[in-house]
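Encoded as structure tokens, the structure appears first; notes follow it.
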Protein chains: 2
Amino acid sequence: MSRSSTGYHHGDLRRALLEAGAALLEEQAPARVSLREVARRAGVSHAAPYHHFGDRGGLLKAIGDACMGDFLARQEDAAATQSDPADRIVALGEAYVSFAAERPHAFALVFDPELCPPQDPSPERAPLIARNEELLAECVAAWLTARGRGPEDLEALSTAFWGAVHGLAALVGEGQLGREQVAPALRALVR
Amino acid sequence: MSRSSTGYHHGDLRRALLEAGAALLEEQAPARVSLREVARRAGVSHAAPYHHFGDRGGLLKAIGDACMGDFLARQEDAAATQSDPADRIVALGEAYVSFAAERPHAFALVFDPELCPPQDPSPERAPLIARNEELLAECVAAWLTARGRGPEDLEALSTAFWGAVHGLAALVGEGQLGREQVAPALRALVR
DNA sequence: ACCCCATCTTTACACCGTCAAGACCGACGG
DNA sequence: CCGTCGGTCTTGACGGTGTAAAGATGGGGT
């Protein structure tokens, strides 16, 4: 029942809606992604999405989950390309910023607190968040030991680094900063 | 003509709308601030705002200008309370984060790129932005000289610090970080 | 073969931003 | 003192949105 794409029941509407919504998100900010437009692009009636996602928030949340997956994949890739701890941290940060620069609306959606409250996040996203924090902590810990320091500041430094990278990413995503200003700032930080 | 508050023509609708809008912004995110609700709270018809602000964006932009003013005032105050360069930087960052924590919607509005594009900002806000960058550069420069370093990294360090503080503020405003995690992270940075 | 029910459509409602036309009233010239 | 003028506000309308309820459709299990 879930295979054919032709036919009255469309076969795979959920995926089609997710794809249409993700495509729309590349063009417009999350607030302007309308359920009706997504349905229109998927070629179904405006009320069709309601059966698959409870409401507009449900659709946005599902799209956000997918974006979070993309984001995490990029983070993992970036971390894997470098072996030196300092370089790895910089690579992590640059991947973070690249995502925000190239897909600003997806980035905004991923961190929208109304769609996925940081306290009790959706069961779909919780493992992704955990994995991301784990990755960051690993890199910071490696960097600390490489500099001959104990792990006493690990948590403070992790949040500091997260804050720095997140802020640079947000500012770039908002157009407040040029992308070329990021690398020097990051390097100045891990100096 | 613009003084009396009684009478049919209301006297000072523009200010009343700004106040109603600002009050609404304390309760709800910018995206949910509706022109009609603001008009309702000001006790006028739903089309009344159009004569004073061109459209919804105009009202939000004006509210954002006011919020930016509040924000800058807090930054100035924070910088004035400390004399030691390192302490001043930390105070600046904490004021930044406090604003985002206490007035998250105002914070989001101030940095909304669709309402006030960072390239060619509104003539009302441009001086505020300039003053803010100046303040930050001053503090970073003082911190650099206090550590016996030349101003060669001033720009990179300024953006790095701005990014860190902005990121921490955004994460706190979104509820992703607890407010108590900020001070240790900041102190770890200026260490 | 039949019926069930998940899926999709239709219809309807309230709210929103925006625009055009009209009502109101203070101010200014005669 | 009176009239008209123009900025201010209201009314009404249009298209778009999210959401809910009710009706149509057709595939899959018994």
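Residue numbers start from 1 in every chain, and the chains themselves are labelled A, B, ... in the order their sequence lines are given, proteins ahead of strands.
- Residue A:Arg56 places its side chain closer to D:dT19 than to any other of D:dT19, D:dC9, D:dA13.
- Atoms CG (A:Leu35) and P (C:dC8) sit 14 Å apart, rounded to a whole Å.
- B:Ser34 comes within contact range of the sugar-phosphate backbone alone, with a heavy-atom separation under 4.0 Å but no base atom that close.
- The base of D:dG18 lies close enough to the side chain of A:Arg36 for a donor and an acceptor atom to sit less than 3.5 Å apart.
- Atom CZ in B:Phe53 sits roughly 15 Å away from atom C1' in D:dC9 (whole-Å rounding).
- Checking C:dC8, C:dT18, D:dA21 against every side-chain atom of A:Leu13, the shortest atom distance belongs to C:dC8.
- Rounded to a whole Å, the CD atom of B:Glu37 is 18 Å from the C1' atom of C:dT18.
- Going from atom CG of A:Leu17 over to atom C1' of C:dC8 covers 11 Å, rounded to whole Å.
- With rounding to whole Å, A:Arg41 atom CZ is found 12 Å from D:dT17 atom P.
- Using the six-membered ring where Trp is involved, A:Phe107 and A:Phe111 have ring planes that are tilted, between 30° and 60° apart.
- Nearest to the side-chain atoms of B:Val44 among the listed nucleotides C:dC16, D:dT10, D:dT19 stands D:dT10.
- In this structure, B:Arg40 reaches the sugar-phosphate backbone alone: every heavy-atom distance under 4.0 Å involves primed, P, OP1 or OP2 atoms, never a base.
- In the set C:dC8, D:dT19, D:dC9, D:dT19 carries the atom at the smallest distance from any side-chain atom of A:Tyr50.
- Atom CZ of A:Arg125 is separated from atom CE of A:Met68 by 6.5 Å, given to the nearest 0.5 angstrom.
- Judged by distance alone, with hydrogens and angles left aside, the side-chain atoms of B:His46 form no donor-acceptor pair with the main-chain N or O of B:Arg36 at under 3.5 Å.
- Atom CG in B:Leu60 sits roughly 14 Å away from atom P in C:dC16 (whole-Å rounding).
- A sub-4.0 Å separation between OP1 or OP2 of D:dT8 and a side-chain N or O of B:His51 is present.
- To the nearest angstrom, C1' of D:dG18 lies 17 Å from CZ of A:Arg32.
- The backbone N or O of B:Val33 lies less than 3.5 Å from a partner atom in the side chain of B:Arg56, making a donor-acceptor pair.
- Across every non-hydrogen atom of A:Ala142 and A:Arg88, the tightest pair is CB-NH2, 3.9 Å.
- Comparing A:Ser45 and B:Ala47 along DNA chain C, the residue whose closest nucleotide (by nearest heavy atom) sits nearer the 5' end is A:Ser45.
- Phosphate contact (OP1/OP2 of D:dT19, side-chain N/O of A:His46, threshold under 4.0 Å): absent.
- Atom NE2 of A:His52 and atom C1' of D:dG18 are 18 Å apart (whole Å).
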